[in-house]
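One structure below.
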2 protein chains.
Amino acid sequence: MAPKQILAPGALPGLLGYRLRLAQQAVFRDFAASVHGLSPGRVGLLILIDANPGVTQSRLAEAARRDRSTMVGVLDQLEGRGLIERRRGEDRRTNGLWLTRAGRALLARALRAIAVHERRIATRLSAAERRQLLALLGKIAA
Amino acid sequence: MAPKQILAPGALPGLLGYRLRLAQQAVFRDFAASVHGLSPGRVGLLILIDANPGVTQSRLAEAARRDRSTMVGVLDQLEGRGLIERRRGEDRRTNGLWLTRAGRALLARALRAIAVHERRIATRLSAAERRQLLALLGKIAA
DNA sequence: TATTGTTATACTCTATAACTATA
DNA sequence: TATAGTTATAGAGTATAACAATA
C-alpha cells in the first residue's frame, strides 16, 4: 500500500472567515450529544421563548433570522416533544409560545450542559483571553 | 396594527459558541455573491486542489472533513463547470484532481474577492486585533 | 389590503450502506 | 481482504410561493 498523501494547507489558514468556521465547527461538534439531542439552534429557540413568554411565531422567526414557514416544522417538533405550547393569541391570527414545565426542565439541563461545554472550550483560554475573544467577535458581528 | 414585540435576548449573548456562530454567519453572508456563485466550501476545495495537484478524491475528502461519497457530487459540479479535471491514477482505483486553466482563473478571481471581503470584515479591527483574533481562534480549533 | 400561520415543494449539504473495480 | 470511487437513499435545515383565516 502506498503511503497516504500529505496535503499542503493552501491559502486557507490565514483567512479570518475560514478560521471562524473551523472554530465554530470544533465548538459545536459534540454539542448535540451533550444536550439530549437538541441542536444549538433548538436550544437557542428555547432560550428565546423562555426570555419572551408569549412571543409569536413570526417574531420568534425574525429574532432567529429564519423564515416564518421554517419555524412551523421546528415548533411542531418542539411541541411534539412536549417542550413548548402554542396558545391562540388575542389577535387570533397569532400563536403565542410558552415553555411547558418539561421544556423549562430540559432547558435548565441544557444550560448546565452548555456551561460545561463552554468550560471545556475555554480550557485553552485564560479568563482574560476569553473576554478578549468575545470582545473581538463582538466587533465583527453586530 | 399593534407595535411589534421587542425581544429580550435571553441567555445567548455571553456564550462563546453562539458568538462564534454569529460572527461566522456575518462573515459569510455576502460571500457567495462576491465570488461568482462559489460557496466558501467550494473555494476551499479549489484552494486545496491548487496546493495539491493530483490529490485523490479520498485524500481531498479527508482534508475537507467530508465523507468521500459527499465529494463525488461536489466534484461532478466543479468538473461540469470546467473548473477541475479528473485523471485516472497510476493506481487505477484513484482519480487525481487538477485545476483546469478556467479553474485557476476563477480561483484567482475568487481569491481577490476574498481579500476584499477580508478587508471589509477587518475594517472594524486593527491589524493587531486581527492577529490577536486569529491567535485566539487557533487556540480553540486544532 | 396586509399579516399570521400553514402547506406544498424544492434546494443544499451532509451521511450511511452497498456495489464495482481494482489492489 | 481492503481501498477508491460510485450510486441509491435519507435526513437536517433552509427557502419561496400560494392559501385560508383574520385584522
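Naming convention: chains lettered A, B, ... in sequence-line order (proteins, then strands); numbering from 1 in each chain. None of the values given here were measured: they were computed from a predicted structure.
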Item to check | Length of the line joining B:Gln57:CD and D:dT3:P, which is rounded to integer Å | outcome: 17 Å
Checklist entry - Between D:dA15, C:dG5, D:dT6, which nucleotide has the shortest distance from any of its atoms to the side chain of B:Arg86? => result D:dT6
Checklist entry - So, is A:Arg92 near the phosphate of D:dA23, with a side-chain N or O under 4.0 Å from OP1 or OP2? => result yes
Item to check | Atom-to-atom span, CG of B:Leu97 to P of D:dT6 - whole angstrom | outcome: 9 Å
Checklist entry - Is any NZ, NE, NH1 or NH2 atom of the basic residue among A:Arg92 and A:Glu90 found under 4.0 Å from an Asp or Glu carboxylate oxygen of the other? => result no
Next on the checklist: Taking any heavy-atom pair under 4.0 Å as a contact, classify A:Arg68: base, sugar-phosphate, or nothing.
Outcome noted: base
Item to check | Pair of N/O donor and acceptor under 3.5 Å linking C:dG5 base with A:Arg93 side chain | outcome: no
Item to check | Euclidean distance, atom CZ of residue A:Arg66 to atom P of D:dA15 [Å, nearest integer] | outcome: 6 Å
Checklist entry - Looking at A:Arg65, does any N or O in its side chain come under 4.0 Å of the phosphate oxygens OP1/OP2 on D:dT14? => result no
Checklist entry - With B:Glu62, which of B:Arg59, B:Arg65, B:Arg66 fulfils side chain to side chain donor-acceptor pair (under 3.5 Å)? => result B:Arg59
Checklist outcome for this item: Among D:dT14, C:dA23, D:dT7, the one nearest any side-chain atom of B:Val72 is D:dT7
Item to check | Nearest-Å distance for atom pair CG/C1', residues A:Leu60 and C:dT4 | outcome: 14 Å
Next on the checklist: By the 4.0 Å heavy-atom rule, please label A:Ser58 as base, sugar-phosphate, or nothing.
Outcome noted: sugar-phosphate
Next on the checklist: Regarding A:Ser69, tell me which of base, sugar-phosphate or nothing describes its non-hydrogen contacts under 4.0 Å with the strands shown.
Outcome noted: base
Checklist outcome for this item: Rounded to the nearest 0.5 Å, the CG atom of A:Leu48 sits from the CG atom of A:Leu45 at a distance of 6.5 Å
Checklist entry - For the pair made of CD in A:Glu62 and P in D:dT14, what is the distance, rounded to whole Å? => result 16 Å
Checklist entry - In whole angstroms, how far is the P atom of C:dC11 from the CD atom of B:Gln77? => result 12 Å
Checklist entry - Do NZ/NE/NH1/NH2 and the carboxylate oxygens of B:Arg81 and B:Asp76 come within less than 4.0 Å? => result no
Checklist entry - B:Thr94 near the nucleic acid: base, sugar-phosphate alone, or nothing, with a heavy-atom cut-off under 4.0 Å? => result sugar-phosphate
Checklist entry - Between atom CZ in B:Arg88 and atom P in C:dA21, what is the gap in whole Å? => result 10 Å
Checklist entry - How many Å lie between CE on B:Met71 and C1' on C:dT14, as a whole number? => result 12 Å
Checklist entry - Which residue, B:Val55 or A:Asp91, contacts DNA chain D at a nucleotide closer to its 5' end, judged by nearest heavy atom? => result B:Val55
Item to check | Heavy-atom side-chain proximity of B:Leu133 to A:Leu137 below 4.5 angstrom | outcome: yes
Checklist entry - Contact class for B:Asp67 (heavy atom, under 4.0 Å): base, sugar-phosphate, or nothing? => result base
